[in-house]
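Reviewing the structure listed below.
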Amino acid sequence: MRAKKLLSHINLKDEDIYDFYLSWEMMLFYTDNADALEVVMQGLLVFAQRRGSGFLIGAALDGLSDACMARNEFQSGLEYVEQALPYLIMEAHIPAQMNAFIHQGVFQYMLKNFPDSLESFRTVLSLGAGQSDPHSMYALGHAHYQMAVGLTGMGYPAKALDEAQRSIHYMRLSLVPHSMVLPHGIMGLANYYLGEYAEGKKDALKSLDLAKRTDNWRMFGYAAAYAGMNESEIPELGLAWQHAQDAISYGEKYGHTEIISMGYKISGDIYVRLEVPLKAVEAYQRGLEVDKDSFMAAENAARLGVTLGLLGDPNADALLAEALAGASAAGLEGIEFNARALELSLFITREDYDAFDANRETIRTALIERSHPRGFVWVDYLQSQRLYQEGKLEESLALLEKTLLVLDETEFFWIHLRAQRLYRALLETLGKDASAARKKIKAMLAIVESSLGDAPLQEEWQIFSEKIRDK
C-alpha cells in the first residue's frame with residue numbers, strides 16, 4: 001500500500017499519522033466501504049506495532065471497530081473498542097479517546113443496551129470539556145448526536161432535540177463538511193416521536209440531501225426511513241411508500257438490516273392506516289425476519305403483536321408481551337410506552353374495560369410527558385369509543401367533541417379521521433345532524449387520495465375509502 005510505504009520514509013509524528021488515517025477512516029466509513037476500511041486499519045495496525053506506538057495501535061483497533069460497524073458486526077466491534085481504549089487512555093490522546101468512547105456507546109445501543117450507551121457518551125462530553133481543536137469539536141458534535149439517538153430510543157424526544165441542537169453547534173465549529181447529516185437525521189426521528197411530523201419530515205429531508213451529496217449511504221438509508229415515517233402520518237402515503245422502498249433497497253445493498261427493518265415498519269404502518277391488517281402483518285414479519293437483534297426488532301414485534309391481536313390471533317398476546325419485555329430490558333422506553341398505547345386499542349376491541357382502566361391514566365400521562373403535550377387525545381378518543389360501545393352515547397359525544405377541538409391543533413391525522421368516523425356514528429345514532437362530520441371525512445379522504453401518487457396502494461385505497469363512505 002503506497003500510503004504505508006510513504007509513511008515509513010517520512011519522519012512524521014504519531015499525531016500527524018493519526019490525522020491522516022482518521023480522515024481516511026471517516027471517508028471509507030461514511031461511503032460504506034467496509035472492506036477497504038478493514039485493509040487500511042489492518043495496515044495501520046501492522047505499521048503501529050513495528051513503530052512501537054501504543055497510541056497508533058489503539059487508533060488502528062478503534063478503526064477496525066468502524067469496519068465492524070459498517071458490517072453490522074456489533075459484538076466484534078465492541079471487542080475491538082475495548083482492546084483500543086487501554087492504549088488510548090495510557091497515551092492520553094483526548095480526541096482519540098473521545099472517538100473510541102463514542103464507538104463504544106454506539107455498539108452498546110445497537111446491542112440493545114441504551115442506558116449504558118448514554119454513560120459512554122457522557123464520558124466523551126466530560127473528556128471534551130475545555131478542548132478547542134477541530135477533532136474534539138467534531139467528537140463533541142458526534143457525542144451530542146449520539147446522546148440524541150439514545151434519548152429518542154429511551155422515550156425522551158424533546159431532550160433529544162436539545163442534544164441535536166448542541167450537536168449542530170459543535171459540528172459547525174469542527175468545519176467537517178458532511179457533519180450536519182447526523183443531527184438533522186436524528187431530529188427527523190425525534191420529531192416523529194413527538195408528533196411533529198411536518199418538522200420531522202423537513203429535518204429528515206435535509207439529512208437525506210446531505211447524505212446523497214456526500215455519498216453517505218448508511219445515513220441516506222436512515223434519513224429515507226425517517227422521512228417515510230413522518231410522511232405516513234402527515235399523510236403523504238406515496239412519498240412514504242417510496243422512502244420505505246429506498247430504505248429497504250439501500251439497507252439490502254449495504255447490509256444494514258436495521259434500515260431494511262425500518263422500511264418494512266413504514267410499509268406495515270401504511271397498511272394499518274388503510275385497514276389492511278393481513279398485509280401489515282406480512283410487512284412487520286418481514287422486518288423481523290431480516291433484523292431479529294437490533295433495537296428495531298422490538299418496534300416491529302410490538303406492532304405485529306397489536307395487529308395480530310386485532311385479528312384475534314391466539315399468539316398475539318405472547319408476542320406482544322415478549323416485545324414489551326425486550327424493549328424494557330433494552331431501555332427502549334419510547335418503543336415500550338408507544339406499544340402500550342397501541343395495546344389500549346386491543347382492550348377496547350375486546351371490550352376488556354378493566355384492562356383499559358388499569359392502564360389508561362398511566363399511558364395518558366406518559367404521552368403528555370414523553371411525547372406531544374396533546375398526545376393524550378389517543379386515550380381520550382379510545383375512551384369515547386368505549387363509552388359508545390357501552391351505550392353511553394351522550395357521555396361519549398361530550399368527550400369526543402372536546403377531543404376533536406384538541407385534534408384540530410395537532411398533526412394526528414389518522415386519530416382525527418378515526419374520531420370523525422366515531423363522531424358521525426354518534427350523531428347518526430342520536431338522530432342529530434351529521435352533515436358536518438360527513439363533510440370533514442370526505443375532505444380528509446381527499447387528502448389521502450391526492451397523496452397516493454404512483455404507490456401500489458390503489459386497490460387498498462378503494463376498499464378503504466368505500467368502506468368509510470358507506471358507513
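Predicted, not measured: the structure shown is a model, and the values here were computed from it.
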Under the ring-ring contact (aromatic ring centres under 6.0 Å, His included) rule, what pairs show up with a residue in residues 163-185, not counting sequence neighbours? Y30-H178, H144-Y170
side-chain contact (heavy atoms from CB on, under 4.5 Å) partner of F74, chosen from K112, Q108, M110: M110
Show the numbers, then the answer: is there a side-chain contact (heavy atoms from CB on, under 4.5 Å) between L61 and I57? CA-CA 6 Å; L61 291 168; I57 290 172; 4.0 Å; yes
Is it the case that D14 and S53 place a side-chain donor and acceptor less than 3.5 Å from each other? yes
Using 0.5 Å steps for rounding, measure from the CG atom of L310 to the OG atom of S345. 5.0 Å
With sequence neighbours left out, which residue pairs that include part of residues 236-248 fulfil the side chain to side chain donor-acceptor pair (under 3.5 Å) condition? K201-E236, E231-H243, Q242-D246
Quick one: does W378's side chain have a donor or acceptor within less than 3.5 Å of a partner on A341's backbone? yes
R71 and D66 ion-paired at < 4.0 Å: no
State whether the side chain of T307 and the backbone N or O of R303 hold a donor-acceptor pair below 3.5 Å, judged by distance alone. yes
Among pairs that include at least one residue of residues 310-327, which meet side chain to side chain donor-acceptor pair (under 3.5 Å), considering only residues two or more places apart or in two chains? D317-R350
Using 30° and 60° as the class boundaries, would you call the ring planes of H93 and F55 parallel, tilted or perpendicular? parallel
Does anything in residues 87-100 form a salt bridge (Lys or Arg N to Asp or Glu O under 4.0 Å)? List the pairs, not counting sequence neighbours. none
Salt bridge (charged side-chain N to carboxylate O under 4.0 Å, His left out) involving E289 - partner list, sequence neighbours excluded: none
Can you tell me if Y87 has over 12 outside heavy atoms packed within less than 6.0 Å of its OH? no
Find the distance between CG (L161) and CG (L194) and round it off to the nearest 0.5 Å. 5.5 Å
Does the pair D32 and K253 meet the rule for a salt bridge (Lys or Arg N to Asp or Glu O under 4.0 Å), with working shown? CA-CA 10 Å; D32 250 311; K253 182 175 181 179; over 6 Å; no
Which atom names give the shortest non-hydrogen contact between W414 and L237, and what distance separates them? CZ2-CD2, 4.1 Å
For residues 75-86, run the donor-acceptor check on the side chains, cut-off 3.5 Å, and write out each pair with its distance to 0.1 Å, sequence neighbours left out.
none

In Å, rounded to the nearest 0.5 Å, how long is the span from CD1 of I102 to CG of L125? 8.5 Å
Would the distance check show the side chain of S117 and the main-chain N or O of F114 forming a donor-acceptor pair, the cut-off being under 3.5 Å? yes
Among residues at least two apart in sequence or on other chains, which ones pass side chain to side chain contact (heavy atoms under 4.5 Å, CB included) with K159? L151, Y156
Using the side chain to side chain contact (heavy atoms under 4.5 Å, CB included) criterion, which residues pair with A327? Sequence neighbours excluded. A298, L332, I335, E336
At their closest point, which heavy atom of V181 faces which heavy atom of L210, and how far apart are they? N-CD1, 3.7 Å
If you look at every heavy atom in D133 and P95, which pair is closest and at what distance? OD2-CG, 3.6 Å
P115 and A330: which non-hydrogen atoms are nearest, and at how many Å? CD-O, 3.5 Å
Can a donor-acceptor pair be found, under 3.5 Å and without considering hydrogens, that links the side chain of S136 to the backbone of S132? no
Between D116 (side chain) and G105 (backbone), is there a donor-acceptor pair under 3.5 Å? no
Smallest separation among heavy atoms of L64 and E38, with atom names: CD2-O, 3.9 Å
Do S207 side-chain atoms and D203 backbone N/O form a donor-acceptor pair below 3.5 Å? no
In the structure I gave you, are the side-chain heavy atoms of H135 and D19 within less than 4.5 Å of one another anywhere? yes
Side chains of E343 and N359, donor plus acceptor under 3.5 Å: no
Side-chain donor-acceptor distances from residues 259-266 under 3.5 Å, at least two apart:
{"from": "S261", "atom 1": "OG", "to": "G287", "atom 2": "O", "distance (Å)": "3.4"}
{"from": "S261", "atom 1": "OG", "to": "N300", "atom 2": "ND2", "distance (Å)": "2.6"}
{"from": "Y264", "atom 1": "OH", "to": "R286", "atom 2": "NH2", "distance (Å)": "2.7"}
{"from": "K265", "atom 1": "NZ", "to": "Y192", "atom 2": "OH", "distance (Å)": "2.5"}
{"from": "K265", "atom 1": "NZ", "to": "D269", "atom 2": "OD2", "distance (Å)": "2.7"}

Is a side-chain donor or acceptor of N33 paired with a backbone partner of F29 at a separation under 3.5 angstrom? no
Over all heavy atoms of both residues, which pair between L320 and A302 is shortest? Give the atoms and the distance, please. CD1-O, 3.7 Å
Relative to the ring of H142, is the ring of Y138 parallel (under 30°), tilted (30 to 60°) or perpendicular (over 60°)? tilted
Residue set satisfying side chain to side chain contact (heavy atoms under 4.5 Å, CB included) with Q165, at least two apart, ordered chain then number -> I168, M187
K279 with E282: basic N within carboxylate O range, under 4.0 Å: no
About how many Å separate OG of S167 and CG of D162, when rounded to the nearest 0.5 Å? 12.5 Å
Between Y284 and E299, a side-chain donor and acceptor under 3.5 Å: no
Side-chain donor or acceptor of R370 paired with backbone N/O of G155 under 3.5 Å: yes
With T410 via side chain to side chain contact (heavy atoms under 4.5 Å, CB included) - residues at least two apart: H372, R374, L407, F412
Would you say the side-chain atoms of S371 pair up with the backbone N or O of I368, donor to acceptor, closer than 3.5 Å? no
Anything under 30° is parallel, anything over 60° is perpendicular, the rest tilted; go ahead and classify H256 against Y254. parallel
Check whether any side-chain N or O of S65 sits under 3.5 Å from a backbone N or O of D62 as a donor-acceptor pair, and report yes or no. yes
Going by side chain to side chain donor-acceptor pair (under 3.5 Å), name the residues that satisfy it together with D357, two or more places apart in sequence or in a different chain. R386
When rounded to the nearest 0.5 Å, the distance separating CE of M147 from CZ of F121 is 8.5 Å
